[in-house]
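Protein chains get the first letters and strands the later ones, always in sequence-line order, with residue 1 at the start of each.
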Number of protein chains: 2
Amino acid sequence: MKLDERHLIQLAAVVKTGGVTEGAALLGLVQPAVSRTLSMLERRVGEPLFVKGRRPLQPTPLGLSLAEHGLAMLAASRKASDLVESFKVGKSGVVRVGGTPFFMDALIARLCAEFQTSHPDVRIDQSYGYFADLRAALRADQIDLAICPIDILDEGSGLEFQQILPGRNVVACRVTHPLLLKRRPQPSHLLDYPWIAPPPGSPLLADLRALLLSLGATEIKIRYTGGSLMSVINYLKSADALTVMPHSVVFAQRKEKTITALPVTIPHPERALAILKRADAPRAPAVDQFAEFVRLGFQDLRHLIKRHEESVIWGL
Amino acid sequence: MKLDERHLIQLAAVVKTGGVTEGAALLGLVQPAVSRTLSMLERRVGEPLFVKGRRPLQPTPLGLSLAEHGLAMLAASRKASDLVESFKVGKSGVVRVGGTPFFMDALIARLCAEFQTSHPDVRIDQSYGYFADLRAALRADQIDLAICPIDILDEGSGLEFQQILPGRNVVACRVTHPLLLKRRPQPSHLLDYPWIAPPPGSPLLADLRALLLSLGATEIKIRYTGGSLMSVINYLKSADALTVMPHSVVFAQRKEKTITALPVTIPHPERALAILKRADAPRAPAVDQFAEFVRLGFQDLRHLIKRHEESVIWGL
DNA sequence: ATCCAGTATAACGCATCGTTATGAAGTTAG
DNA sequence: CTAACTTCATAACGATGCGTTATACTGGAT
């Protein structure tokens, strides 16, 4: 006995409202259509669904039971419609965002939480990676957005990107670090302290290498490595170690007053922190809304970060 | 955004099975039909439901969410179909059965339980009444079956009835009643004991009146009334009282060895215990199955009851 | 590079849907 | 008890969309 789902929904509407006319109105239909549907349904089922010659309409037990199932379908249909609506305006869906570990931990996680106060039904899947991985993941449609530093020269092939911050890296240390006491620290002093190596594969590590080698270090003295941002900060808090970090990460920690940056410039290619998307692929509206939210969030922070950089690094 | 429920079900089938062809097969359809449905759905929703250029087919988050709702509908549809099937063979539904109180309590309740060992999804709504009420209830479609004694002469108008037992009433008492010790009890002795009046409106009460008046009692000595069968039996157990009961009820209690019947014949019109149905109205299959179950149950009991009657009342 | 399985597209017949118009039945009020 | 009203059932019609077969296409495997 195969039953048309639409018929059951109409039955449910009629039983729920207690009348063919009202039931039809509930579904945006007209009475004769529903009336005919009920006749058909009754004929196909072969059993009466309503007791005849009674007004108001009274369903038989079978009619009532079938109507319950119809109601389940009606509810599911309504939910599906609502889902589509909210998806199309970016109020539901999934945002898969990948990015460089320190930056995600320090800045993006917080933004995710803020985003979801206005978009509670959007799920965010975060993952970590560096530019090459992220680009590949974007191309393979494993993530919707990447947030990472890119060399200004790189023109993404088929990738669209929006700059959100300058991508400057700095030398980070705890606020009580002895080097901060010197009026004019010599770059060579940097070699007197232990170093934390940023994650392998990161631009941070490359910059660290370049920096130390430029100072004449024949060999890099690494005392700690492998930890994510929280580990690195906790390590820094308890030792006079140094490491390389995006300036924005140091900025994000300013309120804690535990770490800061040395007034030292690391020579590295000009970079920008950017949001990368695939240019061609269609994106879920929630993805665009999230990207825009992030962009605006950093727009607000931009001058603060700029000021912080000037005061800390350049000592202005 | 109004979505066709059938489309969502097809989407669910495709996502569930992981392929258009298999999904179509699951629904008893053909691949191009489902393929077209998906295209339409995608166009109407305005968002991709599957990631393009991937095999095996991989749904987008939106597609997956919609498919879940479709799955709910598919499940409801399946359940509805099953419900109709089981209803049509009498394996589900509701049986509303009314009957005379003592007979229902003593014999029918047990049969209801037995019936449901083979028909667990059939609900039984029991109610009490006497012939006139029951007939009215049948006509008003408030009950599906009535089980009660009817005068053999009464030809039900528009009612179909099947006799299941002879409807003889007897004088009941406890097994230790003194009258049982007399070899040949005089009818007048009946007036020496207190009586329990059966429920008002019952044939039992009418028979009691007729019996006592025929014995010359100017006034009937009632000491207890108003109780249902369980009360009456418990009263009888504790006193040398007498009352009128259907013989079949006494029979049903034989195993308890607490009450029995006096070898006294009550003069009353010939009656039969019968199952009454409306002849015209369509009945749920479960109703017919239950009626048949009751009929067969009493067919098995008939000769036992007959033997019991002969031995107890006639002392054969 | 070729084959194969699975998917999209096309064209057609038909069931059924939704519509308006109208008749029938049940309910309520006087 | 009749009259008026409401509600449901039926009829006819145009149109949408379904399911079907046939066929072209695309991604993945050998």
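- One atom, CG of B/D4, and another, P of C/dC17, lie 11 Å apart when rounded to the nearest Å.
- The OG atom of A/S65 sits 12.0 Å away from the NZ atom of B/K79 when rounded to the nearest 0.5 Å.
- As a whole-Å value, the separation of A/Q58 CD from C/dT27 C1' is 16 Å.
- The nucleotide whose nearest atom lies closest to any side-chain atom of A/S35 is, among D/dT10, D/dT20, C/dT7, D/dT10.
- Using a 4.0 Å heavy-atom cutoff across all strands shown, A/T21 reaches sugar-phosphate atoms only and no base atom.
- Protein atom CD of A/Q10 is 7 Å distant from nucleotide atom P of C/dC17, rounded to whole Å.
- Residue B/V30 is classed as a base contact, given a heavy-atom separation below 4.0 Å to a base.
- Scanning both residues, A/I143 and A/L138, for their nearest heavy atoms gives O-CD2, 3.5 Å.
- Here the C1' atom of nucleotide C/dT16 and the CG atom of A/L3 are 16 Å apart, to the nearest Å.
- A/Q142 places no side-chain N or O within donor-acceptor distance of the main-chain N or O of A/L134, the cut-off being under 3.5 Å.
- Counting only N and O atoms by type, the side chains of B/Q31 and B/T21 include no donor and acceptor under 3.5 Å apart.
- Under a 3.5 Å cut-off, the side chain of A/Q116 and the backbone N or O of A/V122 do form a donor-acceptor pair.
- Applying the 4.0 Å criterion to OP1 and OP2 of D/dG17, one finds that B/H7 has every side-chain N and O outside that range.
- Rounded to an integer number of Å, the gap from CD of B/Q31 to C1' of D/dT26 is 13 Å.
- Within 4.0 Å (heavy atoms only), A/L38 reaches no atom of the nucleic acid at all.
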Determine whether B/K91 and B/D121 satisfy the following criterion, salt bridge (charged side-chain N to carboxylate O under 4.0 Å, His left out), listing intermediate values before the conclusion. CA-CA 6 Å; B/K91 290 290 183 182; B/D121 294 329; over 6 Å; no
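- Shown here for A/P149 and A/R271, the closest heavy-atom pair between the two residues is CB-CD, 4.2 Å.
- Using a cut-off of 4.0 Å between Lys/Arg side-chain N and Asp/Glu carboxylate O, B/D133 and B/R135 are scored as not salt-bridged.
- Between the C1' atom of D/dG27 and the CZ atom of B/F50 lies a distance of 17 Å, rounded to the nearest Å.
- Between the B/T37 side chain and the B/A33 main chain, a donor and an acceptor come within less than 3.5 Å of each other.
- Ranking C/dA8, C/dG18, D/dT10 by closeness to the A/P32 side chain, first place goes to D/dT10.
- With rounding to whole Å, A/L27 atom CG is found 13 Å from C/dC17 atom P.
- A salt bridge links B/K277 to B/D288: at least one charged side-chain nitrogen sits closer than 4.0 Å to a carboxylate oxygen.
- Between B/F103 and B/F131, a ring centre-to-centre spacing not shorter than 6.0 Å is recorded.
- The nucleotide whose nearest atom lies closest to any side-chain atom of A/A33 is, among D/dC8, C/dT19, C/dT7, C/dT19.
- Using a 4.0 Å heavy-atom cutoff across all strands shown, A/T37 reaches no nucleic acid atom at all.
- One can place CG of B/L41 at 13 Å from P of D/dG17, the figure rounded to the nearest angstrom.
- Donor-acceptor pairing under 3.5 Å is recorded for the side chains of B/D105 and B/Y128.
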If you restrict it to nitrogen or oxygen atoms, what contacts under 3.5 Å exist between nucleotides 12-15 of chain C and the protein, and what is each distance?
none

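- With axes fitted over five pairs at each extremity, the angle between the ends of the helix from C/dA1-D/dT30 to C/dG30-D/dC1 is 40° (10° resolution).
- Non-hydrogen atoms lying under 4.0 Å from DNA chain D are contributed by nothing in residues 59-73 of chain B.
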